[in-house]
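Take a look at the structure set out below.
The structure displayed is predicted, hence computed values, not measured ones.
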Amino acid sequence: MDTVLGRIDRALDTTAAIVSAVDDDQLTAATPCEDWDVRTVLNHLVGGMHVFAAKLSGNDSGAGNAEGWLGSDPQTAYAAAAEIDRAAWRRPDVPTATVHLGIGPVPAPAAVQIHLTEIVVHGLDLALAIGRSDLIDDAMCAELLETMRSYGGIDVYREAGIFAPALPVDDDAPAHRALLAYTGRKW
């Protein structure tokens with residue numbers, strides 16, 4: 001689990017650099033996450049970190065705050081949520097915990113992979129939406145894609161409507177494009 005937690009840290013840091021690059025006038029820009037603009041993706045990402053942290057610690061997630069996790073300062077909201085998230089995943093009881101997600105109870109080692117996917121993929125959504133593909137960590141994207149495939153794919157999540165069907169992508173496409181295509185994102 002330590003390896004995956006290190007990948008969570010890396011994903012949080014990479015996405016923090018992307019979030020820091022978001023200007024207020026870009027909050028309404030379209031993203032590869034269909035029907036969601038930058039603000040909606042950011043709000044979902046910040047809210048997701050709070051919800052995972054709450055589920056890991058047994059606290060109230062604040063889910064009633066679903067529309068307003070960002071407040072007036074998305075960068076500060078992201079930074080605060082990232083620290084809460086890091087601390088929650090490092091609780092000593094987490095490796096043996098069961099996390100109750102919308103898809104049902106999930107062992108923590110599987111839940112951390114789901115959470116890593118959220119951070120990485122939504123980070124990509126944001127980077128592409130604001131025209132900052134230079135901030136993408138392609139090695140991290142390749143690792144995540146390899147992990148997803150090694151676990152037998154993501155068809156169960158496609159069936160639940162979380163991901164669309166995979167899209168074709170050129171063999172020589174950058175890893176982030178391959179990951180987006182695998183998750184069914186058009187861009």
Side-chain angles (χ1 to χ4, degrees), residues 1-24 26-27 29 31-33 36-95 97 99-102 106 108-130 132-144 147-148 162 176 179-180 183 185:
M1 188 115 158
D2 286 341
T3 301
V4 179
L5 293 178
R7 291 172 72 196
I8 290 261
D9 283 338
R10 183 171 157 200
L12 288 170
D13 292 344
T14 299
T15 302
I18 295 164
V19 170
S20 291
V22 174
D23 293 327
D24 286 345
Q26 295 171 315
L27 291 172
T31 71
C33 195
W36 284 11
D37 63 12
V38 168
R39 184 179 219 5
T40 304
V41 170
L42 263 170
N43 191 67
H44 172 77
L45 189 56
V46 168
M49 287 189 278
H50 282 284
V51 169
F52 265 98
K55 289 182 180 293
L56 288 166
S57 65
N59 295 326
D60 174 29
S61 69
N65 198 28
E67 295 299 317
W69 291 105
L70 297 182
S72 62
D73 187 349
Q75 288 80 11
T76 299
Y78 178 88
E83 290 312 307
I84 290 167
D85 192 56
R86 286 180 213 273
W89 284 106
R90 282 177 171 67
R91 290 170 50 96
D93 60 334
V94 165
V99 184
H100 296 276
L101 303 176
V106 178
V112 74
Q113 290 292 345
I114 293 168
H115 189 53
L116 176 65
T117 300
E118 281 242 322
I119 297 166
V120 173
V121 173
H122 286 314
L124 292 177
D125 291 333
L126 296 170
L128 294 175
I130 66 169
R132 292 300 307 267
S133 60
D134 60 304
L135 297 174
I136 293 171
D137 182 338
D138 262 332
M140 181 173 57
C141 293
E143 290 169 10
L144 178 59
T147 299
M148 292 169 121
I162 295 169
H176 71 274
L179 178 59
L180 285 176
T183 61
R185 282 171 159 73

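- Here the closest non-hydrogen pair linking Leu70 and Asn43 is N-OD1, 3.4 Å.
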Please report the C-alpha distance between Val46 and Val19 in whole Å, then the side-chain angles of each, then the deciding distance to 0.1 Å, and finally whether the side chain to side chain contact (heavy atoms under 4.5 Å, CB included) criterion is met.
CA-CA 11 Å; Val46 168; Val19 170; over 6 Å; no
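- Remark: Ser57 pairs with Asn59, Arg91 by the side-chain contact (heavy atoms from CB on, under 4.5 Å) rule, at least two apart or across chains.
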Applying side chain to side chain contact (heavy atoms under 4.5 Å, CB included), run through Thr31 and Thr40 and close with a yes or a no.
CA-CA 9 Å; Thr31 71; Thr40 304; over 6 Å; no
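- Nearest approach of Cys33 to Arg185, heavy atoms of both residues: SG-NH2, 3.4 Å.
- Nearest heavy atoms, Val4 versus Val112: CG1-CG1, 3.3 Å.
- Val106 and Ala111 make their closest contact through CG1-N, 3.5 Å (heavy atoms, listed as atom of the first residue, atom of the second, distance).
- Legend: residues meeting side-chain contact (heavy atoms from CB on, under 4.5 Å) with Glu83, ordered by chain and number and at least two apart, are Arg86.
- Within the model, atoms CG of Leu179 and CD of Glu143 stand 11.5 Å from one another, a figure rounded to the nearest 0.5 Å.
- Evaluated for a side-chain contact (heavy atoms from CB on, under 4.5 Å) with Arg90, the options Leu5, Asp85, Ile8 yield exactly one hit, Leu5.
- Between Leu124 and the choices Asp137, Ile119, Ile136, the side-chain contact (heavy atoms from CB on, under 4.5 Å) rule is met once, by Ile136.
- In this structure, the ring pair (Phe, Tyr, Trp, His ring centres under 6.0 Å) partners of His122, at least two apart in sequence or on a different chain, are His44.
- Looking at Gln75, its side chain does come within 3.5 Å of a backbone N or O of Val22 through a donor-acceptor pair.
- A distance of 10.0 Å separates CG in Leu126 from CG in Asp37, rounded to the nearest 0.5 Å.
- Distance check, rounded to the nearest 0.5 Å: CE of Met148 to OG1 of Thr183 gives 6.5 Å.
- Residues passing the side-chain contact (heavy atoms from CB on, under 4.5 Å) test with Ala97 are Ala108, sequence neighbours excluded.
- Residues passing the side-chain contact (heavy atoms from CB on, under 4.5 Å) test with Leu135, sequence neighbours excluded: Ile18, Ala21, Arg132.
- Contact between Arg39 and Gly71 at its shortest, heavy atoms only, is NH2-O, 3.3 Å.
- Pairing each heavy atom of Pro95 with each of Pro109, the nearest pair is O-CD, 3.8 Å.
- Considering only residues two or more places apart in sequence or on other chains, Tyr78 meets the ring pair (Phe, Tyr, Trp, His ring centres under 6.0 Å) condition with none of them.
- Going from atom CE of Met140 over to atom NE2 of His176 covers 11.5 Å, rounded to the nearest 0.5 Å.
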